[in-house]
Chemist: 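The following block contains the structure, expressed as structure tokens.
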Amino acid sequence: MLPPRYDPSEVEPRVLARWEKADPWRCDPHSRKPPYSIVIPPPNITGRLHLGHNLVYTLHDLLIRYKRMDGYEACWFPGTDHAGIATQNVVERALAREGLTRQAVGREEFERRVWAWKEKYGNEIVDQLKVLGCSCDWSRQRFTLDPGLSRAVTLAFVRLHREGLIYRGEYMVHWCPRCGTALSDVEVEHEEADGHLYFIRYPLEEGGHVTVATTRPETMLGDTGVAVNPHDERHRGLIGRMALLPLLGRRLPIVGAREVDPAFGTGVLKITPGHDPVDREIGKRHTLPTMDVLNPDGTINDHGGPFAGLDRFAAREEIVKRLKAEGLLEKVVPYRHAVGHCQRCRTRVEPKISTQWFVRMTPLAEPAIQAVRSGRIQFVPDRWAKVYFDWLEGIRDWCVSRQLWWGHRIPAWYGPDGEAFIALDEAEARTLAGERYGREVPLRQDEDVLDTWFSSALWPFSVMGWPEKTVELRVFYPTSVLVTAFDILFFWVARMAMMGLHFMEEVPFREVLITPFIVDERGQKMSRSRGNMIDALEVKESHGMDALRFTMAQSSTKGREIRFSQRQLDEARNFENKLWNMARFILTNTEDLPVGGSLEGRLLSVEDRWLLSRLSGLVDKVRTELDRYNFHLATDALYHVVWHELCDWYLELAKLRLQGGDREERITCQLVLREALDLVVRLLHPIMPFLTEEIWGHMGEKGSLSRAAYPEPCPEWRDLEAEGQLGRLMDLIREVRAVRAEVGVLAGAEVDLVLVAGGEELARAFAPAIQRLARAASVRHEPGARPPHGAARGVAGEIAFFLPVGELVDWEAVRARTRRDLEKARAELGKLETRLANPQFREKAAPDVVSKAEEEAQALRARCARLERYLAD
RNA sequence: GGGCGAGUAGCUCAGCGGGAGAGCAUCCGGCUUACAUCCGGAAGGCCAGAGGUUCGAUCCCUCUCUCGCCCACCA
């Protein structure tokens, strides 16, 4: 006997253990089934599962379970990401708690510690994925720093380099002073911030001055020129003259540059080629020297003269103070502008000239653009394609080197003269060096590592064993679908597309499903710093993982954000319990059913036919909506049919037949119940795997439900006649209940029901059901009978009835209710009639729309007539 | 400065060319032996605003307003 309350904390671990043991998701590339594959967006080893993960992984799992059940060889490749900066930061923080820094312990020790950290915590996230129910093929789990995947990374780098798509050079990059590394463009987040615009006087060599405006006065230490727009009447004459850098006295040539906006500030721009991309361009054109004034940690270096050693912000203050003292600070005005921050640590980044490795993106981007344009990759919703195009079309080269210690070491070795040898390993580099120098020379490997996203870009094929020609690659590449939030569209999705097309000459996935973004109940982005992250495991504790998964599926609309809602979660938990009790009811009431019974050839009652018809519709609906990634519509349909049709109506009706009725009828009913349970459990399994698997076990089934077949469409069950008849029955019962409630008949009291017009077939076929569900003492059909004094009346569709309740009736309530109903019906009828009276409507509207309107109008006229007669009494 | 999304019942949100819906909250009534995480009933909406297309618009088009997000080297 099942307990009356579903307890996920008891069931889920048990189901999990069963899965762990049976390993039901190991896939076989040699099977003849059509392949369906997904590679996991690898979670960071630093991660803990939050709702964002939960959404993405739930949807992946939902799809893979659906396809697996539906006859595909469905393979989900799991794994984790070393997550360069993120992980390094976490371990550095741990070191800091010991009073250490990575520099203090040294690179080797640091790497050892990160690995140790990974061994200790890296599997936590994997365990969490399992707890979530992810049906991955765990035998294929990979890590981006695994030897195989590292080889793939090295090979990709070497190949790109030989193809001229990777180069090294001195360019302006975003620099995070806290992380001490260069960043790519996408790792910089721009945020509006209140700052100041400083107007500074630069003396002219021959007397007088010009005033420049800047938001970063400290960068003046690196100024090597001044520029004005050559078309600017006011300043044109300055070109070719010399200004003097305040505080340092450096001579600054004044040049003309069209980039200078005469309308901004004073129309005079100070040129700092070491710390501003526009200045860099202008500087290059006019052969102004480039001067880097920042140390890697953001302090001023020796070029800063008296300010050397100060932090950039301290230097700013100091410089402003000195300028003011010397009368060179004309004014300071408040100024709001966007400033770049390090995605990982929120530190303000600095543009800084530096020598880095870059991937040439334009040649890689072109095929990736074409792949989407031609439809070989499809975005869902497709509006994301535009965002993708916009980014790729304006793409700039990708800075891939990072001054970090945790990651794939760049496979470049330098000779004594600084010549770089790019090779798969040191031996190969040595050979290359030997060819150049003609002798053994000492080589030094590049200290830097690659952007963590470089390995991620290769993930869809590196997890399948690339560069080997594996059977997995042959069968499962390209993958079927990728599910992700939009925040890694550029970081990951676009780069996978480019690398997949380049190295595999084929897209990495056919569809990209972009999910909404989860925000908290107040609509705020969830983030660690806000402290509003919701831990999936805590939700699991309180509501069960299936409830969370159900909520995720239900929330997964085509909108842009999902507002997390506790109530919705409660609702899902209630649904869990409902399902549990539905199963409990069906199982206990079918215990005596002989196994192997079949509905085949049995005489079905109207409600049986109605239920099967509804379930047939449900199967179609769920399949259609899942195929379209409309998870919320599939979920809503399941919720509604299971709860409000199967449970509220069929189960209630079934009770009659299970108690009384003849034996054959009871068996039929039991068979229908089992059929319904079987179907519902299969349909729901991808969404609520734990609960359904548990019920499946109680149904006496062997093996995992996850390997059972997904319900096929069953058009032979469609029965509109039964649906119509049950619809009328439900209307009548509802109306009787409503009248009773309105009129104040005690819920427990049984009163007679007299149908005075219409409904004879219902009364004949369903009298016991009506008695039970509408709490009627008896059901009589007496056409034209006059209600006695003190009878409550009602009209359900075309059926008129009364309840002789005598003194119980609140007469005012009855009349008020009838009047209201009549008004409503009349208004509705009025609208319909004007529409029908319009010749253009009859002419242009679809025929079925017209006939439907006519039918409705007729029904409404009948209803009005009945209501009017009641009122007239 | 570009681009995108959202504005529907008190709240959270579905629906998106021919009936304005769900859950929660509210009110009324129920321990009807699967479930009180339940059952029955009720109340609640110029579907942001203004134009347009259409026989017909919450749904399509244009504009406006209000929020939110993404992208962008104006110092």
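Just so it is clear, the model here is predicted, and its values are computed rather than measured. So that the names make sense, note that chain A is the first sequence line, chain B the second, and so on, each numbered from 1.
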Chemist: For B:G23 versus B:C39, give the span between their P atoms, rounded off to a whole number of Å.
Modeler: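 That atom pair is separated by 10 Å.
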
Chemist: So for A:Arg5 and B:U37, does any side-chain atom that can act as donor or acceptor lie under 3.5 Å from a complementary atom in the base?
Modeler: yes

Chemist: When you compare B:A22 with B:G40, how far apart are their P atoms, in angstrom units rounded to a whole number?
Modeler: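 Straight-line distance between the two P atoms is 13 Å.
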
Chemist: Rounded to the nearest 0.5 Å, what's the gap from CG on A:Leu638 to CD on A:Gln554? Could you check?
Modeler: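 Output value for this atom pair is 10.5 Å.
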
Chemist: Between B:C67 and B:U8, how far apart are the two P atoms, rounded to whole Å?
Modeler: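 Going atom to atom, P in each nucleotide, I get 15 Å.
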
Chemist: Using the P atom as the reference point in each nucleotide, state the distance between B:A20 and B:A9 in Å, no decimals.
Modeler: 16 Å

Chemist: For the P atoms, the ones on B:U37 and on B:A25, what distance do you get once it is rounded to whole angstrom?
Modeler: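 These two P atoms come out 11 Å apart once rounded.
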
Chemist: Would you mind classifying the nucleic acid contact of A:Leu773 as base, sugar-phosphate or nothing, using non-hydrogen atoms under 4.0 angstrom?
Modeler: nothing

Chemist: In whole Å, what separates the P atom of B:G51 from that of B:C47?
Modeler: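 B:G51 and B:C47 have their P atoms separated by 14 Å.
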
Chemist: Please give me the minimum heavy-atom distance between A:Thr215 and A:Tyr198, naming the atom from each residue.
Modeler: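 Answer, listing the atom of A:Thr215 first, then A:Tyr198: O-CE1, 3.9 Å.
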
Chemist: Among A:Leu252, A:Val268, A:Ile254, find the residue that satisfies the side-chain contact (heavy atoms from CB on, under 4.5 Å) test when tested with A:Tyr202.
Modeler: A:Leu252

Chemist: I'd like the C1' distance from B:C65 over to B:A48, given in whole Å.
Modeler: 8 Å

Chemist: Output the single nucleotide from B:C38, B:A72, B:G41 whose closest atom is nearest the side chain of A:Asn574.
Modeler: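 The answer is B:C38, which lies nearest to the side chain.
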
Chemist: Check every strand shown and say whether A:Tyr388 touches a base, only sugar-phosphate, or nothing at a heavy-atom separation below 4.0 Å.
Modeler: nothing

Chemist: Would you classify A:Ala846 as touching base, sugar-phosphate or nothing, given that sugar-phosphate means primed atoms plus P, OP1 and OP2, and contacts are heavy atoms under 4.0 Å?
Modeler: base

Chemist: Just compare B:C73, B:U32, B:U12 and give me whichever is closest to any side-chain atom of A:Arg396.
Modeler: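 Of the options given, the side chain of A:Arg396 lies nearest B:C73.
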
Chemist: With a 4.0 Å cut-off on heavy atoms, is A:Ala845 in touch with a base, just the backbone sugar-phosphate, or nothing at all?
Modeler: base

Chemist: For A:Arg772 and B:G40, give me the distance from atom CZ to atom C1', rounded to whole Å.
Modeler: 14 Å

Chemist: Once you apply a heavy-atom cut-off of 4.0 Å, does A:Val260 come out as touching a base, just sugar-phosphate, or nothing?
Modeler: base

Chemist: Describe the nucleic acid contact of A:Phe389 in one word from base, sugar-phosphate, nothing, applying a heavy-atom distance below 4.0 Å.
Modeler: nothing

Chemist: Does B:G41 have OP1 or OP2 sitting under 4.0 Å from an N or O in the side chain of A:Arg737?
Modeler: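 Result: yes.
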
Chemist: Can any side-chain N or O of A:Glu561 pair as donor or acceptor with the backbone N or O of A:Pro516 at less than 3.5 Å?
Modeler: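 No, the answer is negative, given that no donor and acceptor are paired below the 3.5 Å cut-off.
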
Chemist: So for A:Glu652 and B:A34, does any side-chain atom that can act as donor or acceptor lie under 3.5 Å from a complementary atom in the base?
Modeler: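 Answer is yes: a donor-acceptor pair is held.
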
Chemist: Take the angle between the ring planes of A:Trp580 and A:Tyr6 and call it parallel below 30°, perpendicular above 60°, tilted in between.
Modeler: tilted

Chemist: Taking the C1' atom of each, how far is B:C27 from B:A34, in whole Å?
Modeler: 28 Å

Chemist: Checking base pairs now: Watson-Crick or wobble, both atom distances under 3.5 Å. What partners B:G1?
Modeler: B:C71

Chemist: So which nucleotide from B:C4, B:A14, B:C35 ends up closest to the side chain of A:Asn581?
Modeler: B:C35

Chemist: Starting at the 5' end of RNA chain B and moving along, which residue's nearest nucleotide shows up first, A:Leu269 or A:Lys824?
Modeler: A:Lys824

Chemist: For B:A42, give its Watson-Crick or G-U wobble partner with both distances under 3.5 Å, or none.
Modeler: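 With both distances under 3.5 Å, B:A42 matches B:U26.
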
